[in-house]
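Remarks on the structure that follows.
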Amino acid sequence: MSTFQQPDPRDRPARLTVGVVGAGRVGPALAASLRLAGHRPVAVSAVSDASVRRAAQLLPDVPVVSPAQVMERAELVLLTVPDDALPGLVEGLAETGAVRPGQLLVHTSGRYGAKVLDPALRAGALPLALHPAMTFTGTAVDVQRLAGCSFGVTARPELRLAAEALVIEMGGEPEWIDEESRPLYHAALALGANHLVTLVAESMELLRTAGVEAPARMLGPLLGAALDNALRSGDAALTGPVARGDAGTVAAHVAELRKHSPQSVAGYLAMARATADRALAHGLLKPELAEDLLGVLAEGTSPPASPENPKSDGGER
């Protein structure tokens, strides 16, 4: 019985030469992923020693050249530079005539949509905004992580299918984001991912101060469960002293933080206030327990101790 053999990606039609302008953590990984889909990386620009090493690791045998030479050699160019540098880069490439008609120009900024590429569009390029919603390490593991990764996609209507096809070839899942929604989309990702790293790092430091020898081992299962619960259930997953209205416990937390990590107090109070608001709105925090709690969060001090002030009912953790 004959068996079906998967065709080699390199035998597919419309394979493109690929260039990377800016060999940070993102560009080489995306180019390496496109190589797996049968496209051919031909040039990369890199400035720092770290970016040169990164390009050599993820794109071996691909020459490191100037941005203008990348534009000259590639049919598909990935502009993977910091957000603030992108508008000036695009304008400079267009003004110097580096952009060719029909050239696919892809940026990976979360903040910007396709309009930032308008100078290149006027020069005849085909502009695409493809932002991988992923944190990158600058190593080969990034290529593996792209499998199933969502991409925020913004492009002109006639280029939408091409943009989505490129994302799928990189193993990603395209998610259409309107041009005007890009800043909000990016703010949402930064709020979740970037701030999470800060919260986890601070938590580990505090655990070390408390004498925990392996804070990562302690936090791993807890944070994994919390993340899974939050993704599944949203605000219904809220737990802990704020959601329960344990004002005395929260006041004790604040006192300890002032003593051992004063730089963490503002962040703790801000997140606790946001948690209290959400817990109240979703019926998890009882209104009769909220007054003392909100007083602690407003002042960062102990709640008043009087019989008239209701306390926590000792709900389950």
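Bear in mind that the values here come from a model prediction, so they are computed numbers and not experimental data. When a residue number appears, it is its place in the shown sequence, counting from 1.
No continuous path of hydrophobic side-chain contacts links Leu238 to Leu280 [ILVMFWY only; heavy atoms under 4.5 Å]. Following chains of ILVMFWY side-chain contacts shorter than 4.5 Å, one cannot reach Leu76 starting from Val99, and the two form parts of different hydrophobic clusters. Residues Leu159 and Leu117 do not share a hydrophobic cluster, clusters being chains of Ile/Leu/Val/Met/Phe/Trp/Tyr side chains in contact below 4.5 Å. One hydrophobic cluster, built from ILVMFWY side chains closer than 4.5 Å, cannot hold both Val77 and Leu34; they sit in different ones. Linking ILVMFWY side-chain heavy atoms closer than 4.5 Å, directly or via other members, places Val90 and Val106 in two distinct hydrophobic clusters.
Closest approach of Ala236 to Leu284, counting heavy atoms only: CA-CD1, 4.4 Å. Between Gly138 and Gln57, the closest heavy-atom pair is O-OE1, 3.8 Å. The two residues Gly102 and Leu126 come nearest to each other via the heavy atoms O-CD1, 3.8 Å. For Ser45 against Gly22, the heavy-atom pair with the smallest separation is OG-N, 3.1 Å. Between Pro241 and His253 the shortest heavy-atom distance is CG-CE1, 3.8 Å. Between Leu146 and Ala29 the shortest heavy-atom distance is CD1-O, 4.1 Å.
Among residue pairs with one or both ends in residues 67-84, those qualifying as salt bridge (charged side-chain N to carboxylate O under 4.0 Å, His left out) are Asp84-Arg111; sequence neighbours excluded. Here ring-ring contact (aromatic ring centres under 6.0 Å, His included) pairs that include residues 185-215, with residues two or more places apart or in two chains, are His131-Tyr185, His131-His186. Listed by first and then second residue, the ring-ring contact (aromatic ring centres under 6.0 Å, His included) pairs involving residues 62-99 amount to none (not counting sequence neighbours). Pairs of residues two or more places apart, or lying in two chains, that qualify as salt bridge (charged side-chain N to carboxylate O under 4.0 Å, His left out) and include a residue from residues 219-229 are Asp228-Arg232. Screening residues 137-163 for salt bridge (charged side-chain N to carboxylate O under 4.0 Å, His left out), with sequence neighbours left out, gives Arg156-Glu158, Arg160-Glu164.
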For this session: Take Leu121 and Lys115 through the side-chain contact (heavy atoms from CB on, under 4.5 Å) test and state the conclusion after the steps.
Result: CA-CA 9 Å; Leu121 173 66; Lys115 279 190 172 297; over 6 Å; no
For this session: List the steps, then state whether side-chain contact (heavy atoms from CB on, under 4.5 Å) holds for Tyr268 with Val250.
Result: CA-CA 10 Å; Tyr268 180 96; Val250 172; 3.9 Å; yes
Problem set entry | Stepwise side-chain contact (heavy atoms from CB on, under 4.5 Å) check, Leu285 with Val242 | CA-CA 8 Å; Leu285 174 59; Val242 172; 5.6 Å; no
Exercise. Could you go step by step and tell me if Val70 and Val20 meet the side-chain contact (heavy atoms from CB on, under 4.5 Å) rule?
Worked result: CA-CA 7 Å; Val70 172; Val20 179; 5.8 Å; no
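Atom OG1 of Thr108 and atom CG of Leu128 lie 12.0 Å apart (nearest 0.5 Å). With rounding to the nearest 0.5 angstrom, the CG atom of Leu59 is 10.0 Å from the CG atom of Leu30. For the atom pair Cys149 SG and Glu175 CD, the distance stands at 11.5 Å (nearest 0.5 Å). Of the inter-residue distances, the one linking Leu58 atom CG with Thr139 atom OG1 reads 7.0 Å to the nearest 0.5 angstrom. Considering CG of Leu105 and CG of Leu79, their distance stands at 4.5 Å, rounded to 0.5 Å. Here CE of Met71 is found 4.0 Å from CD of Gln103. Values are rounded to the nearest 0.5 Å.
Residues meeting the ring pair (Phe, Tyr, Trp, His ring centres under 6.0 Å) test with Tyr112, sequence neighbours left out: none. For Ala46, the side-chain contact (heavy atoms from CB on, under 4.5 Å) test picks out Ala23, Ser51, Val52, Val64, with sequence neighbours left out. Scanning for side-chain contact (heavy atoms from CB on, under 4.5 Å) contacts around Glu173 gives Ser150, with sequence neighbours left out. Among residues two or more places apart in sequence or in another chain, the ring pair (Phe, Tyr, Trp, His ring centres under 6.0 Å) test is passed with Phe136 by none. Taking the side-chain contact (heavy atoms from CB on, under 4.5 Å) definition, one finds that Ser66 meets it with Ala68, Gln69, sequence neighbours left out. For the side chain to side chain donor-acceptor pair (under 3.5 Å) test, residues two or more places apart in sequence or in another chain that qualify with Arg278 are Asp235.
Counting only heavy atoms from C-beta outward, the side chains of Asp118 and Pro127 never approach each other to under 4.5 Å.
When the shell of 6.0 Å around CG of Leu227 is examined, it contains more than 12 heavy atoms from other residues, nucleotides or ligands. Enclosure of atom CZ in Arg100 by more than 12 non-hydrogen atoms of other residues, nucleotides or ligands within 6.0 angstrom is indicated.
When atom types are taken as modelled, the side chain of Arg273 and the backbone of Leu294 share no donor-acceptor pair closer than 3.5 angstrom. Between the side chain of Thr96 and the main chain of Leu93, a donor-acceptor pair closer than 3.5 Å is present. Of the possible polar contacts, one joining the Arg182 side chain to the Gly152 backbone as a donor-acceptor pair under 3.5 Å is found.
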Validation: residues 196-222 side-chain donor-acceptor distances under 3.5 Å, sequence neighbours left out:
residue	atom	partner	partner atom	Å
Glu202	OE1	Ser264	OG	3.1
Thr209	OG1	Glu205	O	3.0

